[in-house]
Amino acid sequence: MYDYDLLVVGSANVDLVIGVERRPGAGETVLGTDLAVHPGGKGANQAVAAARLGARTALLARVGDDAYGRLLLDSQRAAGVDTVGVLVGGAPTGVALITVDPSGDNSIVVSPGANGRLTPADVRAAASLFQASRVVSTQLEIPLETVAEVVRDLADGSRFVLNPSPPQPLPADILAACDPLIVNEHEARVILGDAAVGDSPEDWARILLAKGPRSVVVTLGAEGALVASAEGVARVPSVAVDAVDTTGAGDAFTAALAWRLGAGATLAEAAAYAARVGAAAVTREGAQESFPTAAEVEAL
C-alpha cells in the first residue's frame, strides 16, 4: 500500500565540526582540531539513519544551489534515500557550527539558510509523497508553519512523529497529531513552559501527555528512554557503550523509532530498538557517518 516506510520532512545542513579541549567562554579564543565537514541537519540525518537500517525512505527538504547542497544530495543518495522531494535554491544551504569536547558532548549553532525557506506551499506540492508514506517524521529546524502544514497533509492511516528540536512552545493541533512526541529533558521543559514539571521523566511524560499527544517518548541518554501512552509509562534500557561523539544520536534514535512503529512494533519495542541504534551511533565520530546498519545494531 505504501511506497515509503518513512517520509522525513525537515532540515538538511552541512556540519562544520571542530574538536576542542573545552568550550570557550565569552570573549575567549581556544584552539581546536582541523575542521571536518560532514553532511547533517536533523531531517537529513533521520533520513540517512532510517535508510541505513533498511527503511524505504524519502526526504522533503530544501538545500542551496551550492557545493554544500550537492554534498547533501550525494550523501542522501549514497544511503539509499529517495531525494525526489529535495528542493534546490532560494537561499544558501544551511550550516551547523559544532564543537565537540573530549567527553563526546557537543555544542551547536545553526544557520538555517535554505531550511528556513521550506514553506507550507512546498508541503502541499508534495502531496503524492504524503499519500505514499506509512510514517511521517519532522523536527523544528524548519518553520513551525511548515510543520503545521505537514500535520494537515497527513494521509489517512499514516503516523506522525515529531522531535521538537530546537524546542519551542507547540500549538494544540500539532501536539494532538504526535504519536509519539519525542523529547529530551531540555525539550520537555521548554514545551511544558510554566507547567509544574516535577523532578522525574515520568512526571514530564505524564504532563506532556495531558497536553494532547497520543504518545510521548523521553530520551535519557545513557539511561535509555521512557515511553508513555494511554496504556501507561515504562522505562526502556539502553546499551552500555564508550561514547565518542553524540552528534546525531538523537536523530538516529528518532528515525529508528519511527521506522519500527511503522513496521508494527509497540511503542516500547520500537524505543528499545531505537535506544540500541542511538547507542551504536555514539561510538563513532560524526553524524551520518556514525549511523549503523541493521546488522551492526544486532551485533551490539
Side-chain angles (χ1 to χ4, degrees), residues 8-11 13 40-46 49 94 96 98 104-110 112 115 136-148 150-151 160-229 233-236 238 246-258 261 267 270-271 274-275 277-279 281-282 287:
V8 181
V9 184
S11 58
N13 298 331
K42 289 186 174 298
N45 286 350
Q46 287 183 16
I98 303 174
D105 284 335
N106 60 66
S107 295
I108 306 174
V109 177
V110 175
N115 296 309
V136 178
S137 174
T138 190
Q139 327 78 37
L140 298 184
E141 288 185 339
I142 57 176
L144 188 61
E145 63 179 0
T146 304
V147 175
V150 168
V151 169
F160 178 65
V161 176
L162 174 64
N163 172 219
S165 178
Q168 59 180 290
L170 296 172
D173 58 338
I174 292 179
L175 283 170
C178 296
D179 192 15
L181 176 73
I182 303 175
V183 295
N184 60 23
E185 177 181 357
H186 172 62
E187 292 155 1
R189 291 183 182 277
V190 171
I191 292 169
L192 287 170
D194 295 331
V197 175
D199 295 326
S200 73
E202 286 82 359
D203 293 333
W204 312 333
R206 290 189 183 98
I207 300 169
L208 283 169
L209 268 182
K211 285 184 169 287
R214 301 175 194 179
S215 59
V216 170
V217 175
V218 181
T219 58
L220 303 171
E223 297 179 20
L226 179 146
V227 300
S229 67
V233 179
R235 291 267 186 157
V236 175
S238 185
T246 60
T247 306
D251 300 327
F253 178 97
T254 297
L257 182 88
L261 287 173
L267 186 61
V277 172
V282 303

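These figures come from a predicted structure and were not determined experimentally.
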- Note on the structure: Looking only at heavy atoms, the pair that brings Q46 and S137 closest together is OE1-OG, 2.7 Å

- Check whether any side-chain N or O of T138 sits under 3.5 Å from a backbone N or O of V9 as a donor-acceptor pair, and report yes or no. yes

Between side-chain atoms of residues 249-258 and protein atoms elsewhere (two or more places apart, or another chain), which donor-acceptor pairs fall under 3.5 Å?
| unit_1 | atom_1 | unit_2 | atom_2 | d |
| --- | --- | --- | --- | --- |
| D251 | OD2 | N45 | ND2 | 2.9 |
| T254 | OG1 | G250 | O | 3.1 |

- Check: V136 and V151 side chains under 4.5 Å, non-hydrogen atoms: no

- Query: Which pair of heavy atoms, one from S11 and one from I142, lies closest together, and at what distance?
  - Reply: N-CG2, 3.9 Å

- Item | V227 versus A271, closest heavy-atom pair with distance | CG1-CB, 3.5 Å

- Task: Apply the test side-chain contact (heavy atoms from CB on, under 4.5 Å) to residues R206 and V216: give CA-CA distance (whole Å), side-chain angles for both, the deciding distance (0.1 Å), then the verdict.
- Result: CA-CA 8 Å; R206 290 189 183 98; V216 170; over 6 Å; no

- Message: If the condition is side-chain hydrogen bond (donor to acceptor under 3.5 Å, both in side chains), which residues does E185 pass it with, not counting sequence neighbours?
- Response: R189

I'd like a table of donor-acceptor pairs (distance under 3.5 Å, sequence neighbours excluded) in which one partner is a side-chain atom from residues 168-183, with atom names and distances.
| unit_1 | atom_1 | unit_2 | atom_2 | d |
| --- | --- | --- | --- | --- |
| D179 | OD1 | R159 | NH2 | 3.2 |
| D179 | OD1 | S215 | OG | 2.7 |
| D179 | OD2 | R159 | NE | 3.4 |

- Task: Nearest 0.5 Å please: distance from the CG atom of N115 over to the NZ atom of K42.
- Result: 12.0 Å

- Is the backbone N or O of N184 less than 3.5 Å from a side-chain atom of E187, with the two atoms forming a donor-acceptor pair by type? yes

- Item | Heavy-atom side-chain proximity of V8 to Q139 below 4.5 angstrom | yes

- Message: Restricting to side-chain contact (heavy atoms from CB on, under 4.5 Å), what partner residues turn up for P201, sequence neighbours left out?
- Response: W204, V218, L220, L226, R235

- Search all heavy atoms of E141 against all heavy atoms of V110 and return the closest pair with its distance. OE2-CG2, 4.1 Å

- I108 to A96 - nearest heavy-atom pair and separation: CG2-CB, 4.0 Å

